[in-house]
Amino acid sequence: MNVDFANLALARARERVPFNDLTIQWREIADDVRVDLQALFERSAFSAGPFVKAFEDDIAAYLGVRHAIAVNSGTSALHLATLAANIGPGDEVLVPSHTFIATVWGLLYVGAIPVFCDVDEATATIDVADAQSRVTHRTRAIIPVHLYGQPADMSGVLNLAERFDLKVIEDNAQAIGARWNNALLGTIGDVGCFSFYPGKNLGAAGEGGLVVTNDGQLAERVRSLGNHGQRERYVHTDIGFNYRMDGLQGLVLGRKLKRLDAWTARRRQLASRFQVGLAGLPLELPVVRNGDHVWHLFVVRTPRREELREHLARANIETGLHYPIPCHRQPCLQHLQMDRNSYPQSDRWARELLSLPFFYGMTDAQADRVIGAIHNFFRS
Ligand SMILES: *Cc1c(COP(=O)(O)O)cnc(C)c1O
């Protein structure tokens, strides 16, 4: 045999490490989904219907919550939760400035005012002391975002909410299955919103979202508003929306939900591997402070972010930025006339953060290649 080991090693070293790879999840559910798909078409269960109902029941049981309403995106979930919580024109709602913009779309759709708050220096979740300093007589609610897979400081959030009589709407698009004091995120506030965008820890084969609550009346309102504002067919009590989930998404999500805890366990292993492998470098690693972490993203920080990103790109390693522009600097929000200089931590996160490749199915070898490339960067 004439194997060129040097070249083989070189080829390995250059192999692309993708930011995410959803095909590994697909291979695990493919056999089940093929059978389900047959049933879906036979029953023409395309919009809502039995597969979505089954998924709602399963996820309500998984989360230990009374009501789960499946919808067509996380954005829709947040919009419906805002409406059902009776938040309307002129109402102020406290939200972290460092988040994905969809956290505030629902507020803007109803004419409410997002009041941006700075974030915690270590966890990038809402800084409750800063939030408190922004409370006015018009403040009606707070939206903690469980960013990157880690809980926001929910004791602080709940205290603040109680003191000022605020509704708590959890944006749990990124931390399904994570806990704060033994309670699953999304089930702690008045209402919890989830996203099943394909890249999320529990991802659909397209768009999807979920609203959960233990409040029966709120659940009724969410369900009705997302289904053309009707409780009874063709009786439209409210101006509604068509936010129903597709049958296909209910089917795929039901299959994935059964595997979610195992997939999260693997994410935790990978996170430890990165934590150990990157320890001691001039790089800020994620800290786990407010509860457990389900590692939607593995985000590090360095003032040399751009250089490091380019170095990894040259090594054929994909990275991401979540998120490079904080909400208080977004062009579409400048009418809110915020003091853009009152968010020092949020600005620093945006400047220094870098999301490393991280996904269920990533191999130890891929992780080690990323770790090795980062060591090389700081050596040179
Ligand atoms: C993904 C995400 C959303 C929006 O969900 P979509 O399903 O994409 O509409 C909202 N908030 C956060 C923090 C997210 O990461």
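Remember, it's 1-based here, ligands and their atoms both numbered in the order they're listed.
Numbered from 1 in the order shown, with element, the atoms of ligand 1 that lie under 4.0 Å from a heavy atom of Gly74 read 5 (O), 6 (P), 7 (O), 9 (O). Every atom of ligand 1 is numbered from 1 in the order shown, and the set under 4.0 Å from a heavy atom of Ser73 is 7 (O), 9 (O). Close approach of ligand 1 to Ala173 is summarised as follows: ligand atoms under 4.0 Å from at least one heavy atom of the residue are 2 (C), 3 (C), 10 (C), 11 (N), 12 (C), 14 (C), 15 (O).
Residue contacts with ligand 1: Leu78 is placed with no nitrogen or oxygen under 3.5 Å of a nitrogen or oxygen of the ligand (distance criterion only). Considering both main-chain and side-chain atoms, Lys200 comes within under 3.5 Å of ligand 1 through a nitrogen or oxygen pair.
Annotation: salt bridge (charged side-chain N to carboxylate O under 4.0 Å, His left out) contacts involving residues 234-252, sequence neighbours excluded, comprise Arg221-Asp238. A salt bridge (charged side-chain N to carboxylate O under 4.0 Å, His left out) check over residues 179-201, counting only residues at least two apart or in different chains, returns nothing.
Looking at Thr75 against ligand 1, both its backbone and its side chain come within 4.0 Å, counting heavy atoms.
The single protein non-hydrogen atom nearest to atom 11 (N) of ligand 1 is Asp171 OD2, 2.8 Å, given as residue, atom name and distance. Protein heavy atom at the shortest distance from atom 4 (C) of ligand 1 is Ala102 CB, 3.5 Å. The protein non-hydrogen atom at the shortest distance from atom 15 (O) of ligand 1 is Gln174 NE2, 2.8 Å.
Of all the heavy atoms in Thr139 and Arg134, the pair that sits closest is OG1-O, 4.2 Å.
The distance between the ring centers of His328 and Phe116 does not fall below 6.0 angstrom. Tyr323 and Phe100 have their aromatic ring centers within a separation under 6.0 angstrom.
The aromatic rings of His79 and Phe241 sit perpendicular to each other, their planes meeting at more than 60°, with 30° as the lower class boundary.
For the residue pair Glu28 / Trp263, a side-chain donor-acceptor distance below 3.5 Å is found, with atom types taken as modelled.
The option from Gly199, Ala204, Ser195, Pro96 that lies nearest to atom 7 (O) of ligand 1, judged by heavy atoms, is Ser195.
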